[in-house]
Amino acid sequence: MRDCLTAAPPARLRKLALALVLPCAGALAANQAQDLTTLPFEQLLSMEVYSASRFVQKASEAPSSVTVVTAADIRSFGWRTLADVARSVRGMYLADDRNYSYAGARGFQRPGDYNTRFLLLVDGNRINDPVYDQAPMGGEFPLELDLIERIEFVPGPGSSVFGSNALFGVINVITRKPGAAPDSRVAFEAGSFGTRQASARTALRSGGGVDIVLGASRYLSDGQDLYFREFDTPADNHGVAVGLDWEQRSRVYASASAGPWSVSLIHARRTKGIPTASFNQPFNTPGSYTIDQQSYASLAWSGSLGAHEEVLARVLAGRYESVGDYLYPDASVNHDGSKAAWWSTELKLVSTRWRGHKLVAGLDHEHDYRLLQFTYDRAPHASILDDRRSARRLGLYVQDEIALSGALRANLGLRHDRVTGLDGVTSPRAALILQCGPDTIAKLVHGAAFRAPNSYEKHYAYPGPGGQLANPQLRKERVASTELVLERQLGVDARLTATAFHNSASSLVTLLEDPATGTTRFENAPALHLRGAELELEQRWRSGAMLRASYSQASLHGGGAAGQSSAPARLAKLNLALPLGHGWRAGAEAQHVGARHGMAGAVGGYWLANLNLVSGRLAGAGELSLGLYNLFDRAYADPAAPEHRQASLAQDGRSVRVRLAYAF
């Protein structure tokens, strides 16, 4: 893989590091006495974030370069899934295999990985399931975007506060809260490929001080006929899969809060047809599908203990089911899947008792009391796998934000985790945040993260040619990361962010194939190194216009590089939102994704453009939006995973979505 990705020369990284550090050297020596919170740099950085340190802090003081996407951004650009949102974030990359969406960041993405190296949260609650560790990003994400207030993307290792899975980033989805006035709306949409959806939500504050948010949606898509040249024979309908790309999903959400208490419920079910003939299935044969069903219930109490301490106590119960039917040439049907049930608790204390310190300490515990993986042939019934297990996770963490002077802050964190089947693992993080002047902040962050191999990687087995072998001896993954960030204010409403990073990863879990037998098995790969740089400009105007442009470059090196990443070496992104007058607004998006290398060869780079138009109020309370995706109908494809015969999987051409919403 070393010759597959374009490396950023070490000299360039050294020059960028010097460029970030030198402007701050004088400020550090001068030891400015002015308090950080009084500086005028906060026009763009005053937004508070939670996900970097597990307590609320200004984005400028967070030990990371946090990206915040708001509900207004989602509305302006017409994003339909969490994957669409993530595609707009600097350094992130998404792929789609016509069933699930797969995320990568900063030059790393293993083909077929279920987003296990990202930790996904909803209101601080872990959403990654305990069987596959999957962070659902596409249609499998359980929450409607209309219910989201904002999304925080924290790149880099986050295990020092969140534990396993936070190797390359933490994504925290924060749901809407009621405002002073009731906010209710219904929406109907229709689009290309027989897509239609109806949704409704309401957010209100009762006279008794109870805040309530409710939401529900139903989505249907007929899909499209797809051509795959690898199956272009008369026996396989000349490579065209007809009517197999369909999708159905339903989502329900409810939350309520009163005083220090809050409760939330999420339930989602998604069924997706499989048009790709994955896992050696016969091509263009109906009946192959997957079902993903998720349920979460959370109860939390938060309050103050005197003037200096705040406490959060939370309990969550979750259930997850993923099943599918897979067809085989002898006309047999294999039913394969998993079921999981778990509960978790969180106890957290935030203290400002000591001057110049903000201390957070906490405990996380999760009991996965049901981890079931199974596969069997339906008729005649023949059990192939029936694996039943349980597991526990326990983590203790402490972090301190220290004001060393008016210009310099330190953020020090440490966490120790114990996971069933693994030795204990300790994850540190240290950050220095320096105010270099009234318009510049520099951050130097070093940390380590880990991921425990999941039940699927260790214990799933399907014997025979082309099958998979279990590997209970898998070791944990480890990543050490160093990141240098410069955030500079340009005028009143513009910000430039430059980042250089270096990641060293060891024992990353990789699916390898034995050429002699065709069987696969998860193994720990040799060490590899990721390095790269990112540059982002953000400009906002008083008229309501917004510009965000970014460029990212990353390279992968080391003995474990081969087959480890299908991420592009280069990414360029542009988002522009403009008011058009009479209440109308336009959101234009352009992205360049560089060439990638999949399991079966190279996949070319491409440019994409999207356009979304949003009306002002129609008939008093209506809103119309028109989304055009892949505006110029560019042909492009994503690398395929090991279970596919295809080298790459073609993605959608131009598509249209019309959405009508009515508020009351």
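None of the values given here were measured: they were computed from a predicted structure.
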Any side-chain heavy-atom pair from [X] and [Y] closer than 4.5 angstrom?
| X | Y | answer |
| --- | --- | --- |
| M47 | R150 | yes |
| L576 | M546 | no |
| L474 | V509 | yes |
| S76 | V614 | no |
| F141 | V173 | yes |
| R90 | Y551 | no |
| L649 | D96 | no |
| Y456 | Q468 | yes |

Where do [X] and [Y] come nearest, in terms of heavy atoms and distance?
| X | Y | result |
| --- | --- | --- |
| K443 | S60 | CE-O, 3.3 Å |
| L226 | P275 | CD1-CG, 3.7 Å |
| V85 | S88 | O-OG, 2.7 Å |
| A554 | F501 | CB-CZ, 4.2 Å |
| P142 | P136 | CD-CG, 4.1 Å |
| V603 | A647 | CG2-O, 4.4 Å |

Under a 3.5 Å cutoff, is there a donor and acceptor pairing between the side chains of [X] and [Y]?
| X | Y | answer |
| --- | --- | --- |
| H644 | S278 | no |
| D133 | T116 | no |
| T290 | N99 | yes |
| S481 | N503 | yes |
| S217 | E144 | yes |
| S221 | T195 | yes |
| R126 | N165 | yes |
| T520 | E513 | no |
| D113 | Y102 | no |
| T482 | H446 | yes |

Quiz item: Run the side chain to side chain contact (heavy atoms under 4.5 Å, CB included) check on V154 and V49 step by step: do they pass?
Solution: CA-CA 10 Å; V154 185; V49 297; over 6 Å; no

N/O donor-acceptor pair under 3.5 Å between [X] side chain and [Y] backbone:
| X | Y | value |
| --- | --- | --- |
| S159 | A449 | no |
| R531 | S504 | no |
| S164 | A452 | yes |
| Q591 | R87 | yes |
| T440 | R488 | no |
| Y629 | G78 | yes |
| N612 | R75 | yes |
| D73 | T70 | yes |
| E152 | V68 | no |
| D222 | F193 | no |

Can you tell me how far the [atom1] atom of [X] sits from the [atom2] atom of [Y], to the nearest 0.5 Å?
| X | Y | atom1 | atom2 | result |
| --- | --- | --- | --- | --- |
| N172 | D123 | CG | CG | 7.0 Å |
| R80 | R659 | CZ | CZ | 13.0 Å |
| N115 | I171 | CG | CD1 | 8.0 Å |
| T497 | L535 | OG1 | CG | 8.5 Å |
| F450 | R478 | CZ | CZ | 7.5 Å |
| Y132 | S322 | OH | OG | 4.5 Å |

Exercise. Could you check Q109 against S566 for side-chain hydrogen bond (donor to acceptor under 3.5 Å, both in side chains), going step by step and ending with a plain yes or no?
Key: CA-CA 5 Å; Q109 182 188 47; S566 61; 3.2 Å; yes

Ion pair [X]/[Y], N-O distance below 4.0 Å:
| X | Y | value |
| --- | --- | --- |
| K272 | E140 | no |
| E189 | R196 | no |
| E536 | K573 | no |
| D638 | R596 | yes |
| R98 | D652 | yes |
| R106 | E483 | yes |
| E230 | R645 | no |
| D232 | R229 | no |
| R451 | E457 | yes |

Exercise. Just jot down the ring pair (Phe, Tyr, Trp, His ring centres under 6.0 Å) partners of W607, sequence neighbours excluded, or say none.
Key: H592

Quiz item: Can you say whether the rings of Y606 and Y636 are parallel (under 30°), tilted (30 to 60°) or perpendicular (over 60°)?
Solution: tilted

Quiz item: Which of parallel (below 30°), tilted (30 to 60°) and perpendicular (above 60°) describes Y289 and W246?
Solution: tilted

Exercise. Using salt bridge (charged side-chain N to carboxylate O under 4.0 Å, His left out) as the criterion, list what pairs up with D292, not counting sequence neighbours.
Key: none

Quiz prompt | R117 charged N/C atom sitting above F168 aromatic ring, 6.0 Å / 45° | solution = no

Practice problem: Test side chain to side chain contact (heavy atoms under 4.5 Å, CB included) on W541 and L547 and set out the steps. | Solution: CA-CA 9 Å; W541 290 270; L547 169 70; 3.9 Å; yes

Exercise. Answer yes or no: are there more than 12 heavy-atom neighbours, outside N280 itself, under 6.0 Å from its atom CG?
Key: no

Quiz prompt | Atom OH of Y227: over 12 foreign heavy atoms under 6.0 Å | solution = yes

Exercise. Would you check, one step at a time, whether the test side chain to side chain contact (heavy atoms under 4.5 Å, CB included) holds for L608 with L631?
Key: CA-CA 7 Å; L608 282 183; L631 181 63; over 6 Å; no

